[in-house]
Visitor: 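Just passing along the structure, written as structure tokens.
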Amino acid sequence: MAETYRTFRKRLLAGEASCKSAVEAYLGRARKDSHLNAFLQLFDEAVENAERVDEKIKSGRAGKLAGLVLGVKDVIAVKGRRLTCGSKILENFESVYDATVIERLRDEDAIIIGKTNMDEFAMGSSTEYSGYGPVLNPVDTSRVPGGSSGGSAAAVAAELCHVALGTDTGGSIRQPASFCGVVGLKPTYGRVSRYGLVAFASSFDVIGPFANSVYDAALIMEVLSGHDGLDSTSAARPVPSYTALLDRDVKSFRVGVARESLGAGVADDVRHALETQIDELRAAGAEIKEVSMPHLDYTIPTYYVLATAEASSNLERYDGARYGHRSNEAEELEEMYVQSRTEGFGPEVKRRIMLGTFVLSAGYYDAYYRKAQRVRRLIKEDFDHAFKDVDAIITPTAPTTAFRIGEKTSDPIQMYLSDIFTVSANLAGIPGISVPVGKDSSSLPIGLQLLGRQFEEETILTIANHIEQSLKS
Ligand code: GLN
């Protein structure tokens with residue numbers, strides 16, 4: 001079992017550990033495990049930062065996350081550091097400011113040890129579409145770690161950091177968390193500031209944590225969450241004390257099971273794990289109720305119309321003039337745009353830009369984009385309806401466990417289908433968490449997902465914590 005930040009913190013405050021030695025150990029492991037390709041950059045100055053936090057501990061001034069060793073998905077801005085988004089087009093681009101989440105974590109004395117690998121511009125479900133090579137799943141290196149935050153998931157699973165930040169536009173925190181056997185939380189849209197997060201699909205994107213325990217995820221959420229004047233979509237609601245609420249009894253909760261989520265495409269071992277946990281929750285006193293998600297079949301097409309449309313607009317800015325790679329081959333301005341983008345972007349990003357431009361083009365806008373907006377509304381209404389009867393919904397996080405490297409790259413539709421249970425939360429803006437619940441017959445981790453009402457992260461964290469604790473005993 002990996003050491004959680006919670007346990008490390010106890011040792012730290014008891015004087016049995018130091019931030020410096022922890023950071024050195026994590027950096028050492030990250031270098032030794034470089035074949036996993038989880039990190040794109042490691043920060044040597046983390047050791048000095050750790051020394052500073054050790055001093056603060058001695059003088060009793062240390063923050064809430066003192067000595068928390070953190071990995072950051074390379075789509076989040078860290079001042080003075082390369083910000084590649086897993087893309088060759090931004091290979092030499094350096095951020096001139098810190099994202100709000102980075103500032104908040106640093107203010108509480110978390111120590112950033114590096115930037116993690118990812119699918120290019122967060123488009124993918126396997127981290128095979130990184131411009132810097134695929135990430136390997138530490139549990140079985142012939143398998144993908146999931147994606148697009150595969151580097152963050154792998155780093156936490158392999159104990160290369162305590163916690164890592166990821167982003168979730170359609171499942172990119174929850175699906176890799178399930179493939180690597182760690183906890184991954186996608187907050188409510190607007191719960192966490194996106195200032196300093198490079199946009200993929202702005203009405204879906206959200207930053208959240210990977211951790212080795214539900215408690216660690218809850219703790220870091222207390223620091224990440226809250227209003228930010230620099231992000232007008234961030235919510236001004238108060239932030240609950242998630243950790244203080246974790247040990248509530250699950251008796252008071254009604255948990256929904258969607259008939260549709262047990263259907264075709266779900267691997268037997270995954271279905272079995274879900275049924276086992278439903279029985280366990282029932283035995284613990286939770287009320288289990290059937291709910292319906294009649295529009296589940298439409299979530300993938302709706303997401304891939306809307307997310308590509310937003311991506312095609314957001315990625316317009318990479319034109320060779322303002323940011324990143326500029327081609328040397330071009331003689332005229334328009335040619336410079338085309339050549340720079342042709343050379344800089346990888347195949348999946350090009351596919352998304354073309355799809356997105358198509359669904360937004362005159363003549364197709366109504367048939368695709370507008371219609372998808374309407375279906376998005378229906379999916380949101382499915383959840384509003386279900387959440388009148390239940391406090392949370394439990395599903396598999398992904399239909400299968402980690403697939404083999406190369407298995408799905410030639411068939412984009414198959415790749416997109418691995419997001420079937422995750423994208424609906426992004427369409428509806430609700431929070432979701434993936435919690436590990438054991439292994440399948442090939443010893444690969446299985447994750448279950450809990451979905452909650454908007455701004456009720458505390459409910460899904462509490463139920464996830466119950467599941468985690470019940471598996472320990
Ligand atoms: N796999 C989904 C996609 O490729 C989700 C990605 C994400 O959440 N960033 O778009």
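Ligands are counted one by one from 1 in listed order, and the atoms in each one are counted from 1 as well. All of these numbers come straight from a predicted model, not from anything done at the bench.
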Visitor: Would Gly171 count as a polar contact of ligand 1, with the cut-off being nitrogen or oxygen pairs under 3.5 Å?
Guide: yes
Visitor: Examine the proximity of ligand 1 to Phe200 and report which part, side chain or backbone, both or neither, has a heavy atom under 4.0 Å away.
Guide: side chain
Visitor: Between Asn117 (side chain) and Leu40 (backbone), is there a donor-acceptor pair under 3.5 Å?
Guide: no
Visitor: Which of the numbered atoms in ligand 1 are below 4.0 angstrom from a heavy atom of Ala122?
Guide: 6 (C), 7 (C), 9 (N)
Visitor: Measure Asp419 to ligand 1 on non-hydrogen atoms and call it side chain, backbone, both or neither using the 4.0 Å cut-off.
Guide: side chain
Visitor: Centroid separation under 6.0 Å, is that true for the rings of Phe200 and Phe121?
Guide: no
Visitor: Hey, is Ala307 one of the residues with a heavy atom under 4.0 angstrom from ligand 1?
Guide: no
Visitor: Is NZ or CZ of Arg143 both nearer than 6.0 Å to the six-membered ring centre of Phe403 and within 45° of the ring axis?
Guide: no
Visitor: So Phe387 and Phe383, would you call those rings parallel, tilted or perpendicular, with 30° and 60° as cut-offs?
Guide: parallel
Visitor: Looking only at the aromatic ring of each residue, does the gap between the centers of Phe253 and His466 stay below 6.0 angstrom?
Guide: no
Visitor: Can you tell me if Asp391 uses its side chain to pair, donor with acceptor, with the backbone of Gly452 under 3.5 Å?
Guide: no
Visitor: Which is closest to atom 5 (C) of ligand 1 in terms of heavy atoms, Tyr129, Tyr416, Tyr303?
Guide: Tyr303
Visitor: Using a 4.0 Å cutoff against the non-hydrogen atoms of Gly170, which atoms of ligand 1 qualify?
Guide: 5 (C), 7 (C), 8 (O)
Visitor: Heavy-atom contacts under 4.0 Å between Ser172 and ligand 1: side chain, backbone, both, or neither?
Guide: both
Visitor: Is the closest N or O pair between Met123 and ligand 1 shorter than 3.5 Å?
Guide: no
Visitor: Within 45° of the six-membered ring axis of Phe204 and under 6.0 Å from that ring's centre, is NZ or CZ of Arg376 located there?
Guide: yes
Visitor: Could you name the option among Met415, Arg352, Glu348 that has the heavy atom nearest to atom 4 (O) of ligand 1?
Guide: Arg352
Visitor: Check if Phe204 has a non-hydrogen atom at a distance under 4.0 Å from any atom of ligand 1.
Guide: no
Visitor: Report yes if Tyr304 has an N/O atom closer than 3.5 Å to an N/O atom of ligand 1; otherwise report no.
Guide: yes
Visitor: Do Arg341's NZ or CZ and the ring of Phe345 fall within the cation-pi criteria of under 6.0 Å and 45°?
Guide: no
